[in-house]
Undergrad: 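Sharing a structure, written as structure tokens. Questions coming.
Every heavy atom of this structure was used, including side-chain atoms; hydrogens, water molecules and symmetry mates were not. Here, residue 1 is the first one in the sequence, and each next residue gets the next number. Please read these numbers as outputs of a predicted model, since none were measured by experiment.
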Amino acid sequence: MDKLQGPFDSLSGYQQAIDCVLSSASQELCIFDRDLEKTGLGNRDRAGQLSAFLARDRDRMLRIILHDIEQVMRYSPRLMALLKRYSHNFLIRQSSESLRSLSDCFILADSRSGVIRFHEDHFRGKLLLGQPEEVHAWHQRFEDLWTESVPGIAPTHLGL
């Protein structure tokens, strides 16, 4: 399983690739997406995977950059609960206005594995498992996007 790599071109292929990458993560997950709607990360099983990932070690990190944070805030109560529970190692940021034209999506695990979708309107992409050389450029891109993004969803609501 360490050297698998493969294309996909359907929603089911994309979601199977997500499951592979989530299960391969041991320290860090980095996600860049329009709104997470197509990832299924808010459903019971994947939210459970994320919860188990975050619960195993306090040093694990989940960082997400979204163009549109409203989808998560309104329709992903499981992710919002995880954000509140694991606010010390789960962060969601919003892309700056200048980045909103970017249309690719990706999920990276430990700078070794990833799911890359070439355009948010299509499910064509590739799964990279145990491919640190190829994932490195994507991880660097994520770090650049993270620097350009702004705080997105706070884990708690302040009422005045």
Side-chain angles (χ1 to χ4, degrees), residues 1-43 45-69 71-72 76 79 82-83 86-96 99-153:
M1 176 172 166
D2 197 37
K3 288 290 182 186
L4 290 178
Q5 177 174 324
F8 56 84
D9 61 2
S10 66
L11 175 60
S12 64
Y14 177 53
Q15 297 209 339
Q16 287 174 354
I18 289 172
D19 289 337
C20 287
V21 169
L22 291 181
S23 65
S24 77
S26 63
Q27 284 304 116
E28 178 182 49
L29 284 165
C30 300
I31 301 171
F32 176 62
D33 199 274
R34 170 152 301 285
D35 57 17
L36 296 182
E37 182 180 7
K38 302 287 194 271
T39 64
L41 291 176
N43 73 31
D45 291 339
R46 288 201 185 93
Q49 280 183 285
L50 293 176
S51 180
F53 168 78
L54 292 167
R56 279 191 292 257
D57 185 344
R58 188 166 177 80
D59 292 333
R60 290 182 178 204
M61 182 59 76
L62 170 56
R63 295 185 294 160
I64 300 174
I65 303 168
L66 301 173
H67 290 317
D68 177 10
I69 60 174
Q71 177 74 24
V72 170
S76 298
L79 287 179
L82 286 176
L83 183 62
Y86 296 104
S87 61
H88 59 282
N89 56 347
F90 179 8
L91 303 168
I92 298 177
R93 294 180 65 109
Q94 185 170 25
S95 61
S96 65
L99 299 175
R100 305 258 168 89
S101 63
L102 297 176
S103 57
D104 57 337
C105 311
F106 54 89
I107 299 173
L108 308 174
D110 303 327
S111 299
R112 294 185 42 79
S113 299
V115 176
I116 314 301
R117 223 169 94 205
F118 304 122
H119 195 281
E120 65 192 22
D121 292 338
H122 310 285
F123 291 107
R124 194 173 63 84
K126 61 184 173 180
L127 168 62
L128 305 167
L129 290 175
Q131 299 290 319
E133 302 84 18
E134 192 163 348
V135 172
H136 176 76
W138 290 98
H139 192 267
Q140 185 57 53
R141 182 158 185 254
F142 180 85
E143 294 300 337
D144 293 343
L145 293 169
W146 188 260
T147 301
E148 294 288 322
S149 64
V150 298
I153 303 175

Undergrad: Which heavy atom of Trp138 sits nearest to which heavy atom of Asp104, and what is that distance?
TA: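 Shortest heavy-atom contact: CZ3-OD2, 3.4 Å.
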
Undergrad: Please test Ser76 against Leu36 for side-chain contact (heavy atoms from CB on, under 4.5 Å), starting from the C-alpha separation and ending with a verdict.
TA: CA-CA 9 Å; Ser76 298; Leu36 296 182; 6.0 Å; no

Undergrad: Heavy atoms, side chains only, cut-off 4.5 Å: are Leu129 and Val21 in contact?
TA: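 Side-chain contact under 4.5 Å: yes.
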
Undergrad: Taking atom NZ of Lys126 as the centre, report whether more than 12 heavy atoms of other residues, nucleotides or ligands fall under 6.0 Å from it.
TA: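 Correct, the count exceeds 12.
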
Undergrad: Decide yes or no for Gln131 and Ser113: does some side-chain heavy atom of the first lie under 4.5 Å from some side-chain heavy atom of the second?
TA: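 A side-chain contact is absent here, since even the closest heavy-atom pair is not under 4.5 Å.
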
Undergrad: Applying side-chain contact (heavy atoms from CB on, under 4.5 Å), run through Phe123 and Ser12 and close with a yes or a no.
TA: CA-CA 9 Å; Phe123 291 107; Ser12 64; over 6 Å; no

Undergrad: Under 3.5 Å, side chain of Ser149 to main-chain N/O of Ser96, donor-acceptor pair present?
TA: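 Checking the backbone N and O of Ser96 against the side chain of Ser149, no donor-acceptor pair under 3.5 Å is found.
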
Undergrad: For Phe142, enumerate each residue passing the ring pair (Phe, Tyr, Trp, His ring centres under 6.0 Å) test, keeping only those at least two apart in sequence or located in another chain.
TA: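 Checked Phe142 against ring pair (Phe, Tyr, Trp, His ring centres under 6.0 Å); matches are Trp146.
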
Undergrad: Would you give the length of the straight line joining atom CG of Asp45 to atom CG of Asp19, rounded to the nearest 0.5 angstrom?
TA: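 Answer for the CG-CG pair, Asp45 versus Asp19, is 8.0 Å.
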
Undergrad: Show the nearest heavy-atom pair for residues Ala25 and Phe53, with the distance to one decimal.
TA: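 Between these two residues, the closest heavy atoms are CB-CE1, 3.7 Å.
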
Undergrad: Supply the atom-to-atom distance Leu99 CG to Glu148 CD, rounded to the nearest 0.5 angstrom.
TA: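 Spacing of CG (Leu99) from CD (Glu148) equals 6.0 Å.
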
Undergrad: Give, for atom OG of Ser87 and atom CD1 of Ile153, the distance between the pair rounded to the nearest 0.5 Å.
TA: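 Reported value, rounded in 0.5 Å steps: 13.5 Å.
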
Undergrad: Between Tyr14 and Arg117, is the side-chain contact (heavy atoms from CB on, under 4.5 Å) condition met? List the steps.
TA: CA-CA 8 Å; Tyr14 177 53; Arg117 223 169 94 205; 3.3 Å; yes

Undergrad: I would like to know whether Glu143 and Arg63 meet salt bridge (Lys or Arg N to Asp or Glu O under 4.0 Å); could you show each step before the answer?
TA: CA-CA 10 Å; Glu143 294 300 337; Arg63 295 185 294 160; 2.4 Å; yes

Undergrad: Between CG of Asp68 and CG of Asp35, what distance do you get to the nearest 0.5 Å?
TA: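 The CG atom of Asp68 sits 5.5 Å away from the CG atom of Asp35.
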
Undergrad: Give the minimum heavy-atom separation between Ser111 and Val135, together with the two atoms involved.
TA: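 Result for this residue pair: C-CG1, 3.6 Å.
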
Undergrad: Would you give the length of the straight line joining atom CG of Leu108 to atom CD of Glu28, rounded to the nearest 0.5 angstrom?
TA: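 With rounding to 0.5 Å, CG (Leu108) is 8.5 Å from CD (Glu28).
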
Undergrad: Heavy-atom distance under 4.5 Å between the side chains of Leu102 and Leu145, does that happen here?
TA: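 Yes - at least one pair of side-chain heavy atoms lies under 4.5 Å apart.
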
Undergrad: Are any of the side-chain heavy atoms of Leu41 and Ile31 separated by less than 4.5 Å?
TA: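 When only atoms from C-beta onward are counted, Ile31 and Leu41 do touch, with a gap below 4.5 Å.
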
Undergrad: Taking everything shown except His88 itself, do over 12 heavy atoms lie less than 6.0 Å from its NE2?
TA: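 Yes, NE2 of His88 has more than 12 neighbouring heavy atoms, counting only those of other groups under 6.0 Å.
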
Undergrad: If you define the side chain from C-beta out and look only at heavy atoms, does anything of Leu82 sit under 4.5 Å from Phe90?
TA: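 The answer is yes, as the side chains (C-beta and beyond) meet within the 4.5 Å cut-off.
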
Undergrad: Once rounded to the nearest 0.5 Å, what's the spacing between atom CG of Asp33 and atom SG of Cys105?
TA: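 Separation between the atoms: 4.0 Å.
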
Undergrad: Can you name the ring pair (Phe, Tyr, Trp, His ring centres under 6.0 Å) partners of Phe32, sequence neighbours left out?
TA: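 Testing Phe32 for ring pair (Phe, Tyr, Trp, His ring centres under 6.0 Å), a comparison that skips the adjacent residues, returns His67, Phe106.
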
Undergrad: Apply ring pair (Phe, Tyr, Trp, His ring centres under 6.0 Å) to His122 and list each qualifying residue two or more places apart in sequence or on a separate chain.
TA: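 So His122 forms a ring pair (Phe, Tyr, Trp, His ring centres under 6.0 Å) with His119.
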
Undergrad: Flag the pair Leu22 / Leu29 as yes when at least one side-chain heavy-atom distance between them is below 4.5 Å, and no otherwise.
TA: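 The answer is yes, as the side chains (C-beta and beyond) meet within the 4.5 Å cut-off.
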
Undergrad: Compare all side-chain heavy atoms of Gln27 with those of Asp57 and state whether any distance is below 4.5 angstrom.
TA: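 Side chain of Gln27 against side chain of Asp57, heavy atoms only: contact under 4.5 Å found.
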
Undergrad: Determine the minimum heavy-atom distance between Arg100 and Ser95, stating which atoms define it.
TA: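 Heavy atoms only, the tightest pair is NH2-O, 2.7 Å.
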
Undergrad: Got a sec: does the CZ of Arg60 have more than 12 other heavy atoms crowding it under 6.0 Å?
TA: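 Above 12, so yes.
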
Undergrad: Side chains of Gln15 and Arg46: closer than 4.5 Å at any heavy-atom pair?
TA: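 Yes, side chains in contact.
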
Undergrad: Check Asp110 against Ser24 and note the closest heavy-atom contact, atom names and distance.
TA: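 Where Asp110 meets Ser24 most closely, the heavy atoms are OD2-O, 3.6 Å.
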
Undergrad: Provide the closest heavy-atom pair for Gly152 versus Ile69 in the form atom of the first, atom of the second, distance.
TA: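 Heavy atoms only, the tightest pair is O-CD1, 3.7 Å.
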
